[in-house]
Each structure stands twice: as structure tokens, then as C-alpha cells.
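Quick notes on the structure that follows.
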Amino acid sequence: MSTFAEQLIIWHDQHGRHHLPWQKNRDPYAIWLSEVMLQQTQVNTVIPYYVRFMQEFPTISSLAQAPLDAVLSLWSGLGYYSRARNLHVTARKVMHHYQGQFPCAREAIQHLPGIGRSTAAAIAVFAFGQCEAILDGNVKRIFTRYFGISGFPGETKTQNLLWKKAEESLPIHYHNGKIETYTQALMDLGTAVCTRRAPLCKACPLQSECVALKENRVDQLPTTKPRMPLPQKEATFLLLMHQQDILLEQRPAPGIWGELWCPPEIGIGIDVITYCQHNLNIEVRALIELPILDHQFTHFKLRIHPQLLQVISSKSLITQPRFIWTKPSDALAKGIPAPVRKLLKRTFLSELSPYKI
DNA sequence: AACTCGGGGTT
DNA sequence: AACCCAGAGTT
């Protein structure tokens, strides 16, 4: 076995993580769920969501039978909601096309929605013990440093080279359990030792062969993404109050916050009273402009101007299924984005708020 | 190849 | 405020 893999496996026995919630068994469903939740999301953030999700939907069958709304509700706050929608689609696909048995070949796994090459490989490794290479943020960091590879890992050229290194470094002549340990060791080393800033090279099992360490380039690698300043967007949120209820609208998918519930959003500068008359067919009275809510996405910044409005006419005028009237406390149990959760809490549920319901 | 999709943690 | 995180899908 290569020194690289062997050193990692030896290191993992003493220093790796062995008690994460999804490490209890080889249930493909449990492993698949964990891998999807962990896409672009840190372990400590995922754990409570994962535990709740497994309690609510302990099997792929129970997930497949659930309504999407229930799935999104459990996902609320975790972000990247297309993951939840794809999870739901895939659960039904596995039930229907694979008789509830998760496919075990990496290629087949990779064809399922929401599962790319790295996630498919992780599932193949941890659920089925197959010898496949992963390439996540941890692995990219370790390999760019160990082999001294410069260039932003998002570029195709660099990414292809990293995949090649990942495959070449696999423990080919392994026996039972080695590939799982090796794969977990890569991620644990990336999390605990080969960190983005201030890596603990003196504690690293790969230090004697690490090119970046030899050449004193550890803090130069991996090459950071060239960033553009984020465009600033603004929007008005209409908080329409009718007695104890507010109006929520289900947003279209695909798109930002697809299928999640939000107060109606309009561009700034649009006359609110007129908009409600013409587009919602509701007579309203403007109460107050609530404090601005700033939110940042990967590719733009959104400044939300929440406007509190009182409904004068009957609320029953809106009957489209994409609109609902709901108590703010009930809205928190639905699939709503994080800023909306924050807004509803501080406006309607805080003891300090004059609009507390 | 470039762009779209979130939210939270860290520094 | 910038950067990153067990990336994937679309165009």
C-alpha cells in the first residue's frame, strides 16, 4: 500500500472521528442523507438537522411517501433547498425504479438527482465499501498542498488534475474497511490538521512528503478563488396583517428559495397600496416600515425593506393555492428561508416588539 | 467554462 | 467583511 494511504489510515485510528451520527451503520439511506446535508455545509451545522430528519423519516420509504412541504420544513435554515427537493425526487425514484434498494455502483448512484461524482463516491465507499475517490474541499486542500498544485481548484484544468491525484492515491491493495477508513481519514485530516488557515503541519502524518511544506507554500495553497464585488439588490417584503394572520406566498422553483414560503416580495419604489390593490386585490393601510434586513448570498447581497401593512378589505379575496394566510407562529413550522424566520420572530414573537401577536 | 443555488462558522 | 464549508445542476 502506498505510504500516503497507509500513513492516513494509521493516523485515523488515533486521531480520526469515529462517532458521528451517520457512522453507526452502513445503511445507504442514512449515508446518502448525511452526504447530501454535508454538501457545502459544516459538520456541526448538519448534526441537529440530520438527527431530526432521521427521526422524522427513518427510511427511504417514509421519505418517499412524505409531502415535499414536510421535507422542506425539516430543511428550513440549512440552505441550498434544491438539495431537499432532489432528495425527495431521488427517494421516490429509488422506490420506483430500484424497488427501494439503493444502487451500489458509483456510476448508477451518480445518475440520481442531487448526487454528483464526489457524493456518489462517498456513498459507494461508506455504504458499499467500494474503492472510489472523493474530491471535496478537504481533499482539494490536502492534495494541492501535498503535491504542490497551484491554480484555483474550481478551474477545470486544476480540478481534473486533482481528480487524477485522488484516484492515483487510493489504497488499491486494501482489505475490508481500508477504503472507508482512508476516505474518512482524508476528511478528518482536512478538518482538524490541514485547515485553510494555520494548519497543524507538525501534527500531520504526511509532513515528510508534503511539497507545500517543503517549499514553504502552505499558506499559498490552495489558490483562492478570484472574487468580484457582490452586486447589491434591494426588495420590499409586504407583511400583510389581517387580525392574527399574515400572508405568505410560495416562491417558484427553480429560483432563489424555490418552493419556500415568503411574504410577497416587490421591487423597491413600487407603490405598496396600489400594488396590493392591483396585484393582490386587497385594500391595505400602511402601518410602518420595519428595520432593514440585510442578507448575503454567494453571488449577491439582498437588502430587504419589510413593510407592515394592515388589511382593510376581506382577506378571502386571495384564493390562489400559492398564497396562504397563517399565524406567524405557525409559519415557523413551514419551509421558510432564514431571513424570513428572523423577521417573523423579531416582529411578531419578540416580547420587545410592539406588534407582538 | 461560467453561472446559480444559502446559511452559518471563522478570522 | 472576506473566506470557506463532506458540491451539484444548468446554460
Side-chain angles (χ1 to χ4, degrees), chain A residues 16-17 20-23 31-50 72 75-87 89-90 109-126 132-142 152-160 162-163 166 180 183-192 194-199 219 222-232 251-260 262 294-302 335-342:
Chain A
R17 292 172 288 187
L20 295 170
W22 44 87
Q23 291 179 318
I31 291 164
W32 164 49
L33 174 65
S34 74
E35 292 300 332
V36 172
M37 282 189 167
L38 288 161
Q39 288 167 0
Q40 297 298 99
T41 313
Q42 296 186 106
V43 168
N44 286 336
T45 304
V46 163
I47 287 175
Y49 285 88
Y50 176 82
L72 285 172
W75 210 272
S76 177
L78 200 54
Y80 282 123
Y81 298 95
S82 64
R83 293 186 295 175
R85 297 193 295 273
N86 283 330
L87 196 79
V89 170
T90 295
I109 299 172
Q110 198 172 331
H111 285 300
L112 296 167
I115 303 178
R117 182 172 173 185
S118 187
T119 298
I123 297 169
V125 167
F126 292 124
E132 296 284 349
I134 63 165
L135 187 59
D136 61 20
N138 290 312
V139 179
K140 287 173 184 171
R141 201 161 51 246
I142 292 169
F152 173 54
E155 293 173 14
T156 304
K157 177 184 166 190
T158 308
Q159 192 170 17
N160 288 341
L162 286 169
W163 272 114
E180 296 94 312
T183 306
Q184 188 65 47
L186 276 175
M187 298 191 286
D188 291 353
L189 190 78
T191 298
C194 196
T195 51
R196 182 67 187 92
R197 277 178 298 273
D219 56 352
T223 305
T224 56
K225 179 186 175 72
R227 291 206 187 264
M228 302 295 290
L230 299 181
Q232 174 91 44
R251 301 174 64 102
I256 209 124
W257 296 331
E259 299 290 322
L260 272 69
C262 278
D294 279 311
H295 189 71
Q296 186 165 322
F297 297 94
T298 312
H299 46 302
F300 67 93
K301 299 177 181 179
L302 180 62
I336 59 176
V340 174
R341 181 175 300 274
K342 185 175 173 182

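Numbers restart at 1 for each chain; the letters A, B, ... are given by sequence-line order, proteins then strands. Computation of the quantities below employed the complete heavy-atom set of this structure, encompassing side-chain atoms and omitting hydrogens, waters and symmetry-equivalent molecules.
Within the 4.5 Å cutoff, side-chain heavy atoms of Y80(A) are placed close to those of T298(A). The shortest side-chain heavy-atom distance between I31(A) and E35(A) falls under the 4.5 Å cut-off. In this structure, the side chains of Q23(A) and Q184(A) come closer than 4.5 Å at one or more pairs of heavy atoms. Annotation: side chain of V43(A) is in contact with side chain of R17(A) (closest heavy-atom distance under 4.5 Å). The closest side-chain heavy-atom distance from M37(A) to T41(A) is not below 4.5 Å. No side-chain heavy atom of S82(A) sits less than 4.5 Å from a side-chain heavy atom of P254(A). Using a 4.5 Å heavy-atom cutoff, the side chains of I109(A) and W32(A) are not in contact. Counting heavy atoms from C-beta outward, Y50(A) and L20(A) have side chains that stay 4.5 Å or more apart.
Put simply, Y80(A) has no side-chain N or O that comes within less than 4.0 Å of OP1 or OP2 on dC5(C). Contact check, W75(A) against dG7(B): no side-chain N or O comes under 4.0 Å of OP1 or OP2. Applying the 4.0 Å criterion to OP1 and OP2 of dG6(B), one finds that H295(A) has every side-chain N and O outside that range.
Taking atom CZ on R251(A) and atom P on dC5(B), their separation rounds to 10 Å, with Å as the unit. In this structure, the CE atom of M37(A) is 14 Å from the P atom of dG8(B), given to the nearest Å. D136(A) places its CG atom 9 Å from the C1' atom of dG7(C), with the value rounded to the nearest Å. The NZ-P distance, from K140(A) to dA6(C), rounds to 11 Å in whole Å. Rounded to whole Å, the distance from CG on L186(A) to P on dC5(C) is 14 Å. Look at CZ on F297(A): it is 12 Å from C1' on dT4(B), rounded to the nearest Å. Distance D294(A) CG to dA1(C) C1': 12 Å, rounded to the nearest Å. Rounded to whole Å, atom P of dC3(B) lies 12 Å from atom CZ of F152(A).
Across all strands, P337(A) comes closer than 4.0 Å only to sugar-phosphate atoms, never to a base (heavy-atom distances). Nucleic acid contact for A122(A): none, since no nucleic acid atom lies under 4.0 Å from a heavy atom of the residue. Among the heavy atoms of the strands lying under 4.0 Å from V43(A) is at least one base atom, whether or not backbone atoms are also near. Nucleic acid contact class of G258(A) (heavy atoms, under 4.0 Å, all strands): none. Q159(A) comes within 4.0 angstrom of nothing in the nucleic acid, heavy atoms only. Within the 4.0 angstrom heavy-atom criterion, base atoms lie near R17(A).
Comparing the P positions of dA6(C) and dT4(B) gives an interatomic distance of 24 Å, to the nearest angstrom. Straight-line distance between the C1' atoms of dG6(B) and dC3(C): roughly 15 Å, to the nearest whole Å. Comparing dG9(C) with dG8(B), their P atoms are spaced 24 Å from each other, to the whole Å. As rounded to the nearest Å, dA8(C) and dG9(B) have C1' atoms that lie 22 Å from one another.
Mapping Q40(A) and T45(A) onto DNA chain B by nearest heavy atom places Q40(A) at the nucleotide closer to the 5' end.
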Review item, nucleotides 8-11 of chain C N/O atoms under 3.5 Å of protein N/O:
{"from": "dA8(C)", "atom 1": "OP1", "to": "G116(A)", "atom 2": "N", "distance (Å)": "3.0"}
{"from": "dA8(C)", "atom 1": "OP1", "to": "G116(A)", "atom 2": "O", "distance (Å)": "3.4"}
{"from": "dA8(C)", "atom 1": "OP1", "to": "T119(A)", "atom 2": "N", "distance (Å)": "2.8"}
{"from": "dA8(C)", "atom 1": "OP1", "to": "T119(A)", "atom 2": "OG1", "distance (Å)": "2.6"}
{"from": "dA8(C)", "atom 1": "O5'", "to": "G116(A)", "atom 2": "N", "distance (Å)": "3.4"}
{"from": "dG9(C)", "atom 1": "OP1", "to": "G114(A)", "atom 2": "N", "distance (Å)": "2.5"}
{"from": "dG9(C)", "atom 1": "OP1", "to": "I115(A)", "atom 2": "N", "distance (Å)": "3.3"}

Polar atom pairs between nucleotides 2-4 of chain C and protein, under 3.5 Å, N or O only, would you list them?
{"from": "dC4(C)", "atom 1": "OP1", "to": "R196(A)", "atom 2": "NE", "distance (Å)": "3.0"}
{"from": "dC4(C)", "atom 1": "OP1", "to": "R196(A)", "atom 2": "NH2", "distance (Å)": "3.4"}

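At least one donor-acceptor pair closer than 3.5 Å links the side chain of Q39(A) to the backbone N or O of G114(A). Judged by distance alone, the side chain of R85(A) and the main-chain N or O of E259(A) form no donor-acceptor pair under 3.5 Å.
No hydrogens or angles were tested; on distance alone, a donor-acceptor pair under 3.5 Å links the side chain of T298(A) to the base of dG6(B). No N or O donor and acceptor, one from the side chain of T41(A) and one from the base of dG7(B), sit under 3.5 Å apart.
By the side chain to side chain contact (heavy atoms under 4.5 Å, CB included) test, A84(A) is found to be paired with V71(A), L72(A), W75(A), residues two or more places apart in sequence or in another chain being considered.
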